2 protein chains.
Amino acid sequence: MNEVLYLSIVKKIKENILKGHYKPGDMLDSESALMKEFQASRMTIRKSLSLLSNEGYVYSVPGKGNFVCTPETDLFQFRFNKYDDLLVPIDEVKLLFVKVKEASAQLADKFSLTTSDKIIEVSRLLSSAGEPVALEFIYFKYIPNQPVVEDRLKFANHLERLERSLAFAIQKTLEVRALKADQSVSRRLGCPEGDVVFCLEEMVVNSESDSVISYTLFYVQPKNIEMRATTPKEENNAKRIF
Amino acid sequence: MNEVLYLSIVKKIKENILKGHYKPGDMLDSESALMKEFQASRMTIRKSLSLLSNEGYVYSVPGKGNFVCTPETDLFQFRFNKYDDLLVPIDEVKLLFVKVKEASAQLADKFSLTTSDKIIEVSRLLSSAGEPVALEFIYFKYIPNQPVVEDRLKFANHLERLERSLAFAIQKTLEVRALKADQSVSRRLGCPEGDVVFCLEEMVVNSESDSVISYTLFYVQPKNIEMRATTPKEENNAKRIF
DNA sequence: AAGTGGTCTAGACCACTCC
DNA sequence: GAGTGGTCTAGACCACTTC
């Protein structure tokens with residue numbers, strides 16, 4: 001079969017599950033039984049079970065045995081970056097305004113601030129080949145020694161740099177809304193008032209400190225974005241098993 | 001620290017990455033160096049690296065070493081089942097019609113059929129407490145010996161049973177569209193014509209045979225659904241590491 | 001040739017479950 | 001007490017990269 005023993009064991013057990021020889025909840029043979037069955041050492045058997053576990057096929061219960069999982073078919077995933085994953089390439093980002101204002105009740109709540117604290121609001125228009133594609137409003141905490149307001153050139157990548165530096169501690173939430181463009185949005189996007197637009201609400205959180213880094217409202221016409229998600233294929237989940 | 005050696009090693013290496021001692025692309029100490037550093041056997045070190053790899057922190061290159069990953073911050077995931085994950089509980093599913101018709105060019109293409117092949121179209125209205133919530137159109141291949149059309153009671157769960165039996169071989173794709181309700185949709189959903197509605201297009205595929213099992217159009221008012229996705233937290237990804 | 005990670009073995013001791 | 005999975009060790013041989 002396979003050159004690598006533990007992969008061939010994975011293959012055989014997976015086939016048994018796919019063919020229905022084992023059903024969700026069924027107990028697999030014990031590890032010592034599998035050792036005899038596949039003429040392999042315990043660690044090799046466990047490596048195979050580890051892979052199957054990572055791919056969502058089996059789980060183990062200490063003292064009892066290894067069991068077949070109930071398959072997860074409702075978990076979707078998609079990749080999205082509001083600057084790279086639109087249907088047209090963004091070649092211009094125009095700064096509309098930068099404001100420092102006191103947090104509204106809604107924003108104060110999101111950022112865990114009081115309404116007297118200051119929030120920076122940045123509005124930008126993203127275009128492609130001269131055509132407006134998306135309108136965004138970014139909100140983040142006012143940080144005294146960071147001259148993002150005074151220096152308009154610096155602010156643009158401020159958040160991106162911040163995200164990069166936090167790297168593994170970043171967690172994002174995205175909510176997709178659909179609404180009719182009001183006058184202010186339709187004028188910027190160059191579409192008739194009342195047209196349907198997506199409004200993406202993105203929240204970026206520092207998962208170490210649980211503090212909100214930024215809150216963004218992103219308006220984009222449906223023709224410029226595709227919201228497609230898929231349940232992951234097993235192969236893509238396999239990372240590294242020792 | 002931790003009772004379990006390999007977890008305490010994971011913790012320390014993760015801290016080093018989070019604190020920025022290691023940056024994306026940097027090479028970690030070799031496994032033999034880590035053995036000395038943590039007073040552990042090679043397999044234990046490798047178990048730790050395996051966990052870090054599964055959580056997206058490191059990757060390995062045979063013959064070279066282990067390296068810090070570039071963090072993935074654009075991969076979102078969400079759970080969605082059109083019958084369970086709406087904002088109101090569905091307590092009534094009303095069958096509007098079942099038709100057997102020849103596949104349109106569009107459907108024939110999706111199902112890899114010719115336009116003379118037959119497709120079953122099922123339309124249903126989902127309600128909660130007497131209020132219409134969603135309108136769906138399900139399309140699937142006509143299978144001769146499966147009396148789904150003749151027996152209206154049986155068809156309802158036909159696809160669900162089919163999905164359950166295929167279990168691990170199911171793969172789904174979901175596309176989110178936003179549009180204005182036309183007369184036929186607005187009348188069923190009880191909203192004004194021209195109101196914004198989500199249209200979810202779901203495709204269910206047998207990933208073993210790559211054949212399309214069903215294609216569904218699902219219309220729902222924004223007030224009845226929340227489309228929220230998040231980048232996964234590491235902890236949730238940790239499954240089983242031997 | 002030396003160093004790296006990849007695979008595999010044959011043990012050991014532990015905590016847990018079941019009877 | 002017998003069986004189960006969870007952790008850990010100290011080796012071995014391999015393919016690969018680097019010099």
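These numbers come from a predicted model, not from an experiment. Letters go in sequence order (proteins before strands), and every chain restarts at 1.
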(request) Go through A/Tyr57 and B/Phe168 one step at a time and tell me if the ring-ring contact (aromatic ring centres under 6.0 Å, His included) criterion holds. (result) CA-CA 8 Å; A/Tyr57 285 91; B/Phe168 291 97; 4.7 Å; yes
(request) Measure the spacing between OG of B/Ser32 and CD of B/Glu37 and express it to the nearest 0.5 Å. (result) 11.0 Å
Do any side-chain nitrogens or oxygens of [X] fall under 4.0 Å of OP1 or OP2 in [N]?
{"X": "A/Ser30", "N": "D/dT4", "answer": "yes"}
{"X": "B/Arg46", "N": "C/dG6", "answer": "yes"}
{"X": "A/Lys64", "N": "C/dC16", "answer": "no"}
{"X": "B/Asn66", "N": "C/dT4", "answer": "no"}
{"X": "A/Ser60", "N": "D/dT4", "answer": "no"}
{"X": "A/Ser32", "N": "D/dG3", "answer": "no"}
{"X": "B/Thr44", "N": "D/dT9", "answer": "yes"}
{"X": "A/Tyr6", "N": "C/dC8", "answer": "no"}

(message) Under a 3.5 Å distance rule, please check whether A/Ser128 uses its side chain to pair with a backbone N or O of A/Ile90 as donor and acceptor.
(response) no
Return the value, rounded to whole Å, for the distance between atom [atom1] of [X] and atom [atom2] of [N].
{"X": "A/Asp29", "N": "D/dT4", "atom1": "CG", "atom2": "P", "result": "10 Å"}
{"X": "B/Leu34", "N": "D/dT9", "atom1": "CG", "atom2": "C1'", "result": "17 Å"}
{"X": "A/Leu5", "N": "C/dG6", "atom1": "CG", "atom2": "C1'", "result": "13 Å"}
{"X": "A/Met35", "N": "C/dC8", "atom1": "CE", "atom2": "P", "result": "14 Å"}
{"X": "B/Leu51", "N": "D/dC8", "atom1": "CG", "atom2": "P", "result": "12 Å"}
{"X": "B/Met27", "N": "C/dT4", "atom1": "CE", "atom2": "P", "result": "8 Å"}
{"X": "A/Met43", "N": "C/dG6", "atom1": "CE", "atom2": "C1'", "result": "14 Å"}
{"X": "B/Ile45", "N": "D/dA10", "atom1": "CD1", "atom2": "C1'", "result": "14 Å"}

(message) Pairing donors with acceptors under 3.5 angstrom, does anything connect the side chains of A/Ser41 and A/Thr44?
(response)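 Indeed, the side chains of A/Ser41 and A/Thr44 share at least one donor-acceptor pair under 3.5 Å.
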(request) Starting from the 5' end of DNA chain C, give me the residue, A/Ala40 or A/Pro62, whose nearest nucleotide shows up first. (result)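 Its nearest nucleotide lies further toward 5', so the answer is A/Ala40.
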